[in-house]
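In what follows, a structure is listed as C-alpha cells, so that the remarks can point back to it.
Quick note: numbers below take in every heavy atom, side chains included, and nothing from hydrogens, waters or symmetry partners.
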2 protein chains.
Amino acid sequence: MAVDRDHVLRSAAALLTRKSTATMDEVAKAAGISRATLHRQFAGRDALVRALEALGIAECEAALEAARPGEGPATDAVRRLVAEVEPHAGLLAFLYSENQLFEGEEQNEGWTRIDEAVAGLFRRGQASGEFRIDLTPAWLTEALYGLLASAAWAVAEGRVAPKDFTHMIVELLLGGVRRQGDPARRKDS
Amino acid sequence: MAVDRDHVLRSAAALLTRKSTATMDEVAKAAGISRATLHRQFAGRDALVRALEALGIAECEAALEAARPGEGPATDAVRRLVAEVEPHAGLLAFLYSENQLFEGEEQNEGWTRIDEAVAGLFRRGQASGEFRIDLTPAWLTEALYGLLASAAWAVAEGRVAPKDFTHMIVELLLGGVRRQGDPARRKDS
DNA sequence: CTTGAATGAGACATCAATGTCTCACATGGG
DNA sequence: CCCATGTGAGACATTGATGTCTCATTCAAG
C-alpha cells in the first residue's frame, strides 16, 4: 500500500509553514496518517526536517534551472527566478528560519550550491552594468532570502495580498539593485 | 543584593540572538547567575520572552523617536531609523522569528504602534513623491523587518561585514523605494 | 477464501526542559 | 555580633514530545 511519501512531505511542509513547532502527531494528522506510519516513513522529527530540506533544495534547484539565470538581462532572470520560487516560498521560509537554529552544524551543501548560483546571477548583473556594485552579491543573496521569507509570512498572516507576492519582491529588490538612472538625484541630503 | 535585572535581560538577548533555543539553564549561566535566581526574576521562559519583547519594543520606540520620522525628507528619516535600530538588530531578529511561532495569540500592541509608525513614514514618503506608490506601506514595513533580520543573521554568521550593516539595508531598501530618476529605463524588457 | 503486508490505535518507557522546593551560605545593615 | 535578605546548588515531580512496541484490522494479491 505504501503511503504516498510525497504527499506526506507536502502536507508536512504546508503545516510546518504555518506552525513551525507542530508535533509529529499533528504532522501525521495533517497528512491523514497515523503517527506510527509517519514514523515508519521518517525515523524521527530530524529525519523529517532533513527530507523537507532535501525537497526544498530540489525545488530551489528546479526553480533556478527553470529561471535560466544565465540568459538575457540579469534583471529579467531575477524576475523569472522569483516567479519560479514563489510557489515554494512557504517551505523555503520554514527552512530559512529552521536554519537559524542549527547553530554549529554545517549546512547542507545543496544550499551552498544554490547560494553560489544566486550570487552568481547578481554578480553577472553587476558585471553587465545592470546592477549597482556597492552591494555585495552575498548580501543581495541574503536579502533576497529575507524578502522571500518576509513576503511568505506577510501573506500567510493576511497582511499583504498573495497575488502581489512576486511583484512586491521583484520590484523592491530590483529597484534597489538596478542602477539609478538619474545621478543628479544621488544622496546629497 | 537584587540581581541586575537589566544585565540579565541583555545577557539573555545576546545569547538568544545566537541560539534561540537556549535553555533557561544556559540563559542563567550566560548571565552569571543560578537558574533559581533567574526563575525568581522571570517566572518562566514565557515571562522572560515577554520581558525581552518589552525591551525590544522599548528600544524600537526609542529608535523611532530618535530618528524623528516626521522631519525632513522621508528618505533621510529612513536612513536615521535604520541607523538607530542597528544596535538592537540582533534582539529584533530573535523577536521577529519568535513572533512567527505565536500562531493564534494576538501580538503585543506595542508592535502594532511601531508598525503603524513605520508604515506612516513610508506613506509620508509616498505622499511627498519621494517613494514609489506601487508598493504598499504594509509591505515596505514588512520588508524592512525582513531585511533587518536577514542582515543581523548574515552578520552573525560572518557572511557580511558588520560595518556595512546600515549601508547595506538602507541602500537596498531605499533604492527600491526611491522613485526612479530615469523613466525611460522602465521595465520594457 | 487464504494469506501476507501495511496501517491505525494505543500502551509504555524515555528524555529533556521546566517549575518548585529545601537548605546552606554569605553579605550587608542594625 | 546577630539577623535578615538574597543567592547558589541541587533534589524532586511534572509535563510534553518522542521513540518503540504490540496487536487488531484492512486490503489486495494469489
With sequence neighbours left out, write down each residue that passes side-chain contact (heavy atoms from CB on, under 4.5 Å) with [X], or none if nothing qualifies.
{"X": "A:Ala83", "result": "A:Thr166"}
{"X": "B:Ser34", "result": "B:Ala36, B:Thr37"}
{"X": "B:Thr23", "result": "B:Asp25, B:Glu26"}
{"X": "B:Ala138", "result": "B:Thr136"}

Once you round it to whole Å, what is the distance between [atom2] of [N] and [atom1] of [X]?
{"X": "B:Lys29", "N": "D:dG8", "atom1": "NZ", "atom2": "P", "result": "11 Å"}
{"X": "B:Phe42", "N": "C:dG19", "atom1": "CZ", "atom2": "P", "result": "13 Å"}
{"X": "A:His7", "N": "C:dT7", "atom1": "NE2", "atom2": "P", "result": "13 Å"}
{"X": "B:Arg5", "N": "D:dT7", "atom1": "CZ", "atom2": "C1'", "result": "18 Å"}

Distance from B:His167 atom NE2 to B:Arg79 atom CZ, nearest 0.5 Å?
->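 It comes to 8.5 Å.
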
In residues 55-66 of chain A, what donor-acceptor pairs under 3.5 Å come from side-chain atoms, sequence neighbours left out?
from    : atom 1 : to       : atom 2 : distance (Å)
A:Glu59 : OE2    : A:Arg10  : NH1    : 2.9
A:Glu59 : OE2    : A:Arg10  : NH2    : 3.4
A:Glu61 : OE2    : A:Arg113 : NE     : 3.3
A:Glu61 : OE2    : A:Arg113 : NH2    : 2.9

The contact string for nucleotides 8-18 of chain C, one letter per nucleotide 5' to 3', using protein heavy atoms under 4.0 Å with B, S and - for base, sugar-phosphate only and none, comes out as BB-B-----SB

